[in-house]
Amino acid sequence: MTEDDITRALAAAREDRTPPPELEAAIITTLRFRGVFGGQRRSPILVRFVQLAAIAAALLTGVWIGERLASRPTPSGTRFLLLLYVNPEYRTTDAAGDAAREAEYSAWAQALARDGHMLMGQKIAWGGVELRSNRPPVDLAAASTPDEARGVFVIVASDERTALAIAKTCPHLKYGGRMVLRPMS
Amino acid sequence: MADEADSADAVLIRRFAAGDERSFVVLYRRHSPAVYGLLSRLVGPFQSEAGDLLQETWIRAASHLSAFRGDAQFRTWLTGIALNCYREWRRRADRHPHVELDDVVTLTESDRDPDIRRVLDGLPHAFREILLLHDVEGYTHDEIARLIEIEPGTSKSRLSRARELFRRRWLSPVGADHD
């Protein structure tokens, strides 16, 4: 028997199977109980699409910054990690608004870079894997999370108070986005 | 329902995400036979588990519908969720071996080739999985790599070894000692 024989035999074994009829009703009942049907929750696809479109445009700034800052002298001072999250409160906009926000994020980041307060910025791609001890890896693209980090910046400042003041100037806040500032040791 | 039955997946998914039950039913009836068929072959003799796994698959799909980005076929995405459900079930079963006689079925008339079924059921999980996904379901190595989180090269080498073991066991008489 050759490998082709095996392949043909296995391909011929493919067979769709109709699930037990009662299963459909059971699943529908469960989903009704969870409030999936009847417009009891917002369309997550639409919400996600608009959120991603808005934040992708805005955070392209981060990629641009990362490329440009590589050739600048390294700023001195304490480094702080600034993470930008897209959360349910983040206010989305239309295409024209996206362009305006992109310019705004860019101006903010460039000003910080010129003043020696920003070391790098980078967009965080969609998806990824969550790893935990004694648990299987979780595909974040298929997981339900309340918000997700979509941008990372490294701010340089003399102390935490200054870093906080700098972070508060990020336009992400006024659009409802969540940010986390952490000192780097 | 007639309109929905002819609608593309993308349209139905959008409506389902907005809470439309009829769109879910069309999606369910369109894709469940393929996913249920795969799950039935994966669980081997524990056929009653296939229904539970299909139910869990759809519930998770409903919860995570916002994560479906449309850059893969909906069925592929759904199959990925089904595989996750299956693997979690298998890990639980491996930790707590527990066989109920009612769960174990013998070969039925619905099996097109009982020899193939017999050999597949006897293979190690990873080999059965790769043979089913590649040779039976027709997924590419790149798709399998994404589905079960391995490298495409690993998928190829695992398939090669799986085919070799399948060939040896298929040619050996029933009841003969396995490797």
Side-chain angles (χ1 to χ4, degrees), chain A residues 1-52 88 126-127 129 131 134-145 148, chain B residues 13-21 24-25 28-29 32-41 50-51 54-55 58-70 77 80-81 84 87-88 91 110-113 115-117 120 131-132 134-138 149 160 163-164 166-167 170-171:
Chain A
M1 173 184 287
T2 67
E3 193 161 283
D4 284 345
D5 294 330
I6 294 174
T7 305
R8 274 194 296 273
L10 286 168
R14 190 188 183 287
E15 181 185 12
D16 289 354
R17 292 191 177 186
T18 304
E22 65 274 15
L23 199 55
E24 179 180 314
I27 294 172
I28 289 174
T29 300
T30 303
L31 295 180
R32 280 178 184 159
F33 180 77
R34 294 188 176 203
V36 170
F37 298 128
Q40 296 167 53
R41 67 179 188 189
R42 297 171 66 192
S43 164
I45 279 189
L46 289 176
V47 171
R48 179 69 69 188
F49 176 79
V50 176
Q51 282 180 340
L52 289 180
W126 168 259
V129 178
L131 301 172
N134 299 323
R135 291 193 190 178
V138 174
D139 180 4
L140 292 178
S144 177
T145 52
E148 47 187 320
Chain B
I13 292 164
R14 196 163 57 242
R15 291 176 184 166
F16 174 31
D20 182 34
E21 185 173 324
F24 162 75
V25 171
Y28 174 85
R29 292 177 182 174
S32 286
V35 177
Y36 185 67
L38 172 63
L39 287 169
S40 296
R41 287 185 288 273
L54 182 68
Q55 181 169 4
W58 277 107
I59 290 169
R60 288 192 193 183
S63 300
H64 301 151
L65 205 55
S66 60
F68 177 66
R69 292 164 291 165
W77 182 74
I81 296 174
N84 280 335
R87 292 178 139 214
E88 289 171 19
R91 277 191 286 269
S110 68
D111 292 300
R112 289 183 178 174
D113 190 328
D115 282 340
I116 288 178
R117 180 67 183 260
L120 280 173
L131 279 173
L132 287 172
H134 190 278
D135 286 352
V136 177
E137 299 294 328
E149 299 173 347
S160 176
R163 281 175 174 168
E164 174 55 26
F166 179 90
R167 187 184 67 82
W170 198 8
L171 295 177

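These numbers were taken from a predicted model, which means no experiment stands behind them. A, B, ... follow the sequence lines: proteins, then strands. Residue 1 opens every chain.
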Report which part of [X] has an atom under 4.5 Å of a heavy atom belonging to chain A: side chain, backbone, both, or neither.
{"X": "B:Leu120", "answer": "side chain"}
{"X": "B:Glu149", "answer": "side chain"}
{"X": "B:Arg60", "answer": "neither"}

Side-chain donor/acceptor of A:Arg17 to backbone N/O of B:Arg41, under 3.5 Å: no

Validation row: A:Ile27, B:Phe24 side chains within 4.5 angstrom (heavy atoms): yes

Salt bridge flag under 4.0 Å for residues B:Arg167 and B:Glu164: yes

Winner by heavy-atom pair count (cut-off under 4.5 Å) against chain B, out of A:Leu23, A:Val129, A:Thr7: A:Leu23

Nearest atoms (heavy-atom pairs only) where B:Ala34 meets A:Arg14: CB-NH2, 3.7 Å

Option in B:Gly80, B:Ser160, B:Gly37 with maximal non-hydrogen atom pairs under 4.5 Å from chain A: B:Gly37

side-chain contact (heavy atoms from CB on, under 4.5 Å) evaluation trace for B:Val35 with B:Tyr28: CA-CA 10 Å; B:Val35 177; B:Tyr28 174 85; over 6 Å; no

